[in-house]
Amino acid sequence: MAVQEELRPLVDLVGPGPSAPATVAGLDVAYAEGGDLLAAAVTVLDARTLAVVDSAVDVGRPAFGYVPGLFAFRELPALLAALDRLTTIPDLLVCDGHGLAHPRRFGLACHLGVVTGLPAIGVAKTPLVGVWDQPSAERGSWSSLRDGGEVLGRVLRTRDGVKPVFVSVGHRVSLENATAQVLALTPRYRLPETTRTADRLCRDALAEAEQAR
DNA sequence: GCGACAG
DNA sequence: ATCTTGTCGC
């Protein structure tokens, strides 16, 4: 927690970040049943066509147990290792988890952004902190995710009539731009294409690693 | 003190 | 995160 408090001031919450990124990266991690093995994946997509143009994986051991609020310490090492293996530097990182919408305002997306220096946003499937009203059913509608007086992010409907996602700023991106980027990445499914391709890749990499042992 | 709790 | 079973809808 002290590490998070120390790094938090380095977060750029203003951005606004790239309005028309050339490439966008998705990051995700898969775990073996025993919890003793993990595979982290990064996929880089052409922001216009959403085709995967680069990718990398890292297979290893979890660096930390799963503790809500300290999630980054579990996945960051492997994600950074995978990022190091990319041959391109993406214009935006789309993380599977929260950014600002965190108990100490320093979730995975903020941590990854500060450590890499790259623009980053968080897209989580479930809430961690904050209260919100249900956004209307149409894709594109959203409501503010709040905690006390502060706005931590947005509850965004990415598909008509489908459970919304939780979008928050990570680093060097405005909340407005983060919302726009997520909508651009969800032409067909609830979750961003970046998350979907990274999820598929880390699952495949994990299966391969389990087969090899 | 008790419940909630990204993945 | 992972596993299981069934149901709904394109």
Side-chain angles (χ1 to χ4, degrees), chain A residues 1 3-4 7-8 11 25-43 57-82 93-115 120-132 137 139 145-148 152-156 158-171 175 178 182 186-192 194-211:
Chain A
M1 289 189 275
V3 171
Q4 295 179 328
L7 295 179
R8 182 175 55 179
V11 173
L27 305 94
D28 194 22
V29 178
Y31 297 85
E33 288 180 64
D36 57 328
L37 194 68
L38 65 75
V42 184
T43 52
V57 300
D58 178 67
V59 174
R61 326 271 306 177
F64 207 85
Y66 170 65
V67 181
L70 299 176
F71 179 55
F73 295 98
R74 180 167 172 79
E75 300 198 339
L76 250 180
L79 289 172
L80 289 174
L93 303 181
V94 179
C95 305
D96 191 26
H98 298 281
L100 228 209
H102 173 276
R104 288 168 294 285
R105 312 300 182 249
F106 195 73
L108 175 66
C110 296
H111 207 142
L112 212 39
V114 165
V115 170
I121 65 174
V123 180
K125 298 178 283 296
T126 61
L128 175 59
V129 292
V131 296
W132 69 96
R139 160 178 158 87
L145 175 63
R146 292 196 177 82
D147 191 12
L152 302 183
R154 287 178 182 176
V155 182
L156 177 67
T158 55
R159 304 298 309 162
D160 287 358
V162 170
K163 181 179 172 184
V165 297
F166 298 76
V167 178
S168 60
V169 167
H171 184 54
L175 182 54
V182 172
T186 51
R188 176 139 192 216
Y189 298 101
R190 176 192 178 221
L191 298 179
T194 38
T195 300
R196 291 170 47 79
T197 53
D199 178 77
R200 184 58 166 273
L201 180 56
C202 66
R203 282 178 196 264
D204 288 349
L206 179 66
E208 194 176 314
E210 288 184 299
Q211 198 72 277

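The analysis underlying the following values was restricted to heavy atoms, covering all of them including side chains, and did not include hydrogens, waters or symmetry mates. Note on naming: letters A, B, ... go to the chains in the order of the sequence lines (proteins, then strands), and numbering restarts at 1 for each one.
- Note on Gly69(A): a base of the nucleic acid sits closer than 4.0 angstrom, heavy atoms only.
- Judged by ring centres under 5.5 Å apart and planes tilted less than 30 degrees, Phe166(A) fails to stack against the six-membered base ring of dA6(B).
- Within 4.0 Å (heavy atoms only), Leu70(A) reaches at least one base atom of the nucleic acid.
- Looking at DNA chain B, no stem turns up: there is no run of 3 or more consecutive Watson-Crick or G-U wobble pairs with key distances under 3.5 Å.
- As a whole-Å value, the separation of His111(A) NE2 from dA6(B) P is 19 Å.
- Nucleic acid contact class of Pro103(A) (heavy atoms, under 4.0 Å, all strands): none.
- Summarising the geometry, the separation between CZ on Arg188(A) and C1' on dG9(C) is reported as 13 Å, rounded to the nearest angstrom.
- When base pairs are accepted only as Watson-Crick or G-U wobble with both N-N or N-O distances under 3.5 Å, DNA chain C takes part in no stem of 3 or more pairs.
- The distance between atom CG of Leu145(A) and atom C1' of dC5(B), rounded to the nearest whole Å, is 14 Å.
- In this structure, Leu108(A) reaches the bases: a heavy-atom distance under 4.0 Å links it to at least one base atom across the strands shown.
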Mind listing the N/O atom pairs, protein and nucleotides 1-7 of chain C, below 3.5 Å?
| unit_1 | atom_1 | unit_2 | atom_2 | d |
| --- | --- | --- | --- | --- |
| dA1(C) | OP2 | Lys125(A) | NZ | 3.1 |

Do Thr186(A) and Arg190(A) pass the side-chain contact (heavy atoms from CB on, under 4.5 Å) test, and can you show the C-alpha distance, the side-chain angles, and the key distance before you say yes or no?
CA-CA 6 Å; Thr186(A) 51; Arg190(A) 176 192 178 221; over 6 Å; no
